[in-house]
Amino acid sequence: MIRFILLFIGMLGCVDDLDPPSRIDRNRVLGARVEVVGNEERASPLSNEEVVVRWLVVDPAGVEPLAWAFRACFAAEVRIGAPPCEGTPFAATEVLAPAIAEPRFQFRLPVTPTGNSIDVLVEGVICANGAPTLPADAEAARCEGEQAQGNLVRVTFIVNAEEGNRHPAFAGWSLSVGAEPWEEATPGPLEPCAATLLPQVAWQPEILISATIPADNREPTQNDEVESFELGHFVTAGVLNRPRTLLGQTDLQTTLTWEPPEPVGPAQQTQRVRAFFVLRDGRGGTAWMERSLCLLGGSGP
Amino acid sequence: MLLALFPLACNRASAQPFHTQPPRIAEFVEAQYPVGAEGAATVELELTIAATGEVTSVAVVPGDTDPAFNGAALEAARRLRFEPATRNGEPVGARIRFRYEFLARTAEPAAEPSDDTRVTPNNETPEPEFSATATATPPPAHVRRTIAGDTLTTMPGTRGDALRVIEFLPGVGRPPLGAGLVLLRGSAARESQAYFDGVAVPFLYHFGGLTSFVHSRLIEEIDLYPGNYAVRYGRRNGGIIEVASRAPAQDAFHGVIDVNLLDASLLVEGPLTDDVAVVAAARRSYVDFFFEEVVPSSAFDVVAAPVYYDYQVLARYEPSDDHELRFAAFGSSDDLALIFAEPSETDPAVRGNLEVASEFHRFAVSWTSRLSDSVDQEIAFSAGPTDLRFGLGDAIAFDSSAVHIQGRAEWTARLSSRVRLTAGFDVLVSPFEATYHGPAPRQGEGDATARNPLTSEPTVDAHVSGLELQPAVYAETDLRVAPPLRVVLGLRLDHYHELGQWSFDPRLTAIYALTDETHLRAGVGMFSQPPAVQEWAEGLGNRKLAIPRALHLGVGIEHELALGLSLTAEVFYKELYDRVVRTEGGVPPYFVNGGTGRAYGLELSGLLPVRDRRFFGFVSYTLSRSERRDGSGPLVPFDFDQTHILSLVAGYRLGRGWEIGGAFRLVSGNPLTPITDGVYDANHDTYVPIYGEVNSRRNPWFHRLDLRIEKRWDLGDVRLAVHLDVQNVYNATNPEGEIFNYDFRRSVDLPGLPILPSLGVRGEL
């Protein structure tokens, strides 16, 4: 009963002192993508295949050196809580020296009886500016280092799933911010963004961000339906009106409201704001993309 | 016309350990022979006489008398004055039988008027002779705390809700956020059972704590058995709450209308015939009228604003002195449906609709009778449906229906002045059906994973149906070994048919009268309680569970001082065996009897009852510890372990209808399981909390001051009252837990209930 009281209070907006999940204000993990090596669009690996698990890690300050430690095992069948490893992990890796790189864990899946679907668990720790320690109890994983920031992570996926699945894609999606098209920007250093090709967005108390999804973007599923999506969205400054959007089978458009940070400097002050979109199909498929804009007349987080 | 008074005895109980004097007539009032009536008549009345000697209640004992004579007798009896009954020299209230005899008129020839004729009234009436026996019942064999009278509806901080008064008693824990949980001597709420006139009640409060299910002015008294209760009760390892209704008024029709900020209620009562009196009450909330104005539309769309109602209809039929039949119909309903405007930010499974609905109805009949001078019989039967529905988007759907059928037959025989034997049979039969979709059921207490996001939790689906069949037989012997020593030995045998298990529960209590005012009591007993349905039902639980058991021990002393002040002290110890706990990960067999626990403490209380004095007060203090152990794990505090519980209540009648009162509570904070971090679950874009040691931290102390002020006006037959009840007068924050960030790295306090004024208006006829 207490859980629902807490949720009810939270839904009423009675607690404003907690960090909004849509704002990236620390080193964070936003998603994981399991790919089959050599067939990166497939999200449903099979027994004995080589897979790579990639992690989307973002930082409000830009790109930070990362180190990590992972292991893979069969997930125990439980009804309560996150499933732990069943038996000894069959793969492990650790990168102890931080480097500017995307955390990845590549390994070969064990041979399992054909036709038997089984859950695989990948768990570990990703450290910014620190070195990882991953003991037998994954919840005790730590990052060593004075400036270290750590993220304990886990993802499970099905091997030999009954139904094959491909990762969703942002191909054909169109985004707009403040009614202006929002294209993918050329990556570059964090220069004064007014001099870049990023969308120049004048500060307003609320700015609309819209996404349009092509009608043929969804993969068909069993039961002659198409998949639904969950779209997570995050910004490095300001706050969005929600951290995720559920896109049903027929939803082709969605709009978010972004409250940018209050302008605290002169009007010509600019701030580069990064936004991340993570798309999940609820069947193990994941995709993500990044956008940036230049906020005019605003500064500070 | 000649009226005479006859002595009537009211002699139902057995030996009297106190020196008691019955009331004596101080001012006799002659009843007027009704105009138009004929013949002789005898009207027998039952009078309640206050400690001041005033007659506070008059009722006609059903008979064949012409109502005109009844009315005349009633009218006169109300004006009688008595010297009150006394106990140990102190005035006490008493109830007696009183009889008016109306003699037949004889016609006399009219005197011929003449200048010499004078009419001389005959003022010679015989000196009224009256005697009555008032009996004081001996102290109860088992620990029983009783709340009765005005205390039920005038306690500050309760908004006039009688059941809330329980929380001020020693040994009763404070539920968080005003929830309707009754926590007795460190037991979980589920381990105690409430009864209304002997009928088990599934939900004590509307919406889990808003207001109680029964009209407070229907209640005569509430008896709380915090532990070590008699063999008459069973199937619970904690305590018993027995809510007893009062008799409907038989003198005339009366009504009460009560209006406050949450709901309005109506109560009417009166005699249907000379033998039958009825009281009916109904209440409905009107929060739904303004709910949408209060709840922001940015959070919810309101499908069905919260609404509750309850009703009670009670009838009493006394065909003779030896028989009493009671009929009752009562029920309660809660309903709420909302749609979340947006999914929860921290738990995306919390979206869509929220639906909460609960409803129960009961019909009950009981027959108590005196089979002979030494044998009493009670037969009772009740039945009714209980429905419960809860839905939360696609994450949780629960729908259950059950019919509860309860029966009891009990006989009490006074074999001698020293020996009383009670034997009985009671049965609970409950066919049920339920469907469930959602996270796997947890154990009832000490399970921190209940805070895991629903999104990350595996779900289970179950459809269960079955029959709970729980017959029991019991016997108790009450033996006065020697005048100061009384021993009560009870045996109870329960069968839990759905699990194929038996439970044999012996219980022993000894009461020793050190003096007429001071009694020692010691008790020991075994208790048992069947697992909850979700712990043994197919697909959800383990049908091979053993019956959880408890051993209760207690030693106490009661002392009556002057002016009606009473003091009690009790030391208790409770051991819990075979507690049902879940398996690691919730894997088959899902639940096992792997838990133990204990609770122990000291309870102190002092009571200066309301009666007819200006000042009344109450103080209670409990020092206790309640702990649990799951499997081979460490001993940890119970979820609602409260080391110190202090309650201070005082009231004062200022006169001219004004009354003020205050209540202060100081309670140790409830334990908390800390959350140290969160693991990012990439499948669901949520965080799964990492818990510290179970219940290893505590909320800060809870402290609250409640004040109440009431003004009454007596306007002839109508009484009007207005009250203002303010909970948490100085708006103490009283954190009740923590609300966490999306990643469980930061938290803020979950605030307790703020200052809560409640204004109510009541009209009585």
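Here the structure is a predicted model, which is why all the values come from computation and not from measurement. Every chain is numbered from 1 and lettered A, B, ... according to where its sequence line falls, protein lines coming before strand lines.
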Legend entry - Under 3.5 Å: donor-acceptor pair, side chain of D749(B), backbone of P735(B): no

Legend entry - salt bridge (charged side-chain N to carboxylate O under 4.0 Å, His left out): pairs with one or both residues in residues 158-168 of chain A, sequence neighbours excluded: E163(A)-R283(A)

Legend entry - Greater than 12 external heavy atoms within 6.0 Å of Q249(A)'s CD: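 It does: Q249(A) CD has more than 12 such atoms within range.
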
Legend entry - Option in V125(A), V78(A), N151(A) with maximal non-hydrogen atom pairs under 4.5 Å from chain B: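 Ranked by heavy-atom pairs under 4.5 Å with chain B, first place is V78(A).
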
Inset, instruction - Pick one of side chain, backbone, both or neither for V460(B), based on which atoms fall under 4.5 Å of a heavy atom in chain A. - result: side chain

Inset, instruction - Please flag which part of L246(A) lies under 4.5 Å from any non-hydrogen atom of chain B: side chain, backbone, both or neither. - result: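 L246(A) touches chain B through side-chain heavy atoms alone.
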
Inset, instruction - May I ask you to check whether Y687(B) and D677(B) show a side-chain donor-acceptor distance below 3.5 Å? - result: no

Inset, instruction - Among S747(B), A440(B), P441(B), P588(B), single out the residue with the greatest number of heavy-atom pairs under 4.5 Å to chain A. - result: A440(B)

Legend entry - Options P243(A), G284(A), A32(A), ranked by heavy-atom pairs under 4.5 Å with chain B, top entry: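 Top option by heavy-atom pairs under 4.5 Å: P243(A).
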
Legend entry - Top of A76(A), G81(A), G232(A), P20(A) for chain B proximity - count of heavy-atom pairs under 4.5 angstrom: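 Ranked by contacts with chain B, first place is G81(A).
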
Legend entry - Whether over 12 other heavy atoms sit under 6.0 Å from E102(A) CD: yes

Inset, instruction - Flag yes if more than 12 heavy atoms outside E40(A) fall under 6.0 Å of its CD atom; otherwise flag no. - result: yes

Inset, instruction - Pick one of side chain, backbone, both or neither for Y590(B), based on which atoms fall under 4.5 Å of a heavy atom in chain A. - result: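 Side chain only.
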
Inset, instruction - Tell me yes or no: between the side chains of N129(A) and Q149(A), is some donor less than 3.5 Å from an acceptor? - result: no

Inset, instruction - Please flag which part of E123(A) lies under 4.5 Å from any non-hydrogen atom of chain B: side chain, backbone, both or neither. - result: neither

Legend entry - Toward chain B, the part of R280(A) with a non-hydrogen atom under 4.5 Å: side chain

Legend entry - Interface moiety of R33(A) toward chain B, non-hydrogen atoms closer than 4.5 Å: neither

Inset, instruction - Please indicate whether D25(A) has more than 12 foreign heavy atoms, meaning atoms of other residues, nucleotides or ligands, lying under 6.0 Å from its CG. - result: yes

Inset, instruction - Can you tell which part of T459(B) gets under 4.5 Å to a heavy atom of chain A, answering side chain, backbone, both or neither? - result: neither

Legend entry - Interface residue of largest heavy-atom contact number with chain B, from E230(A), R242(A), E77(A), E139(A), under 4.5 Å: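 Of the options given, most contacts go to E139(A).
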
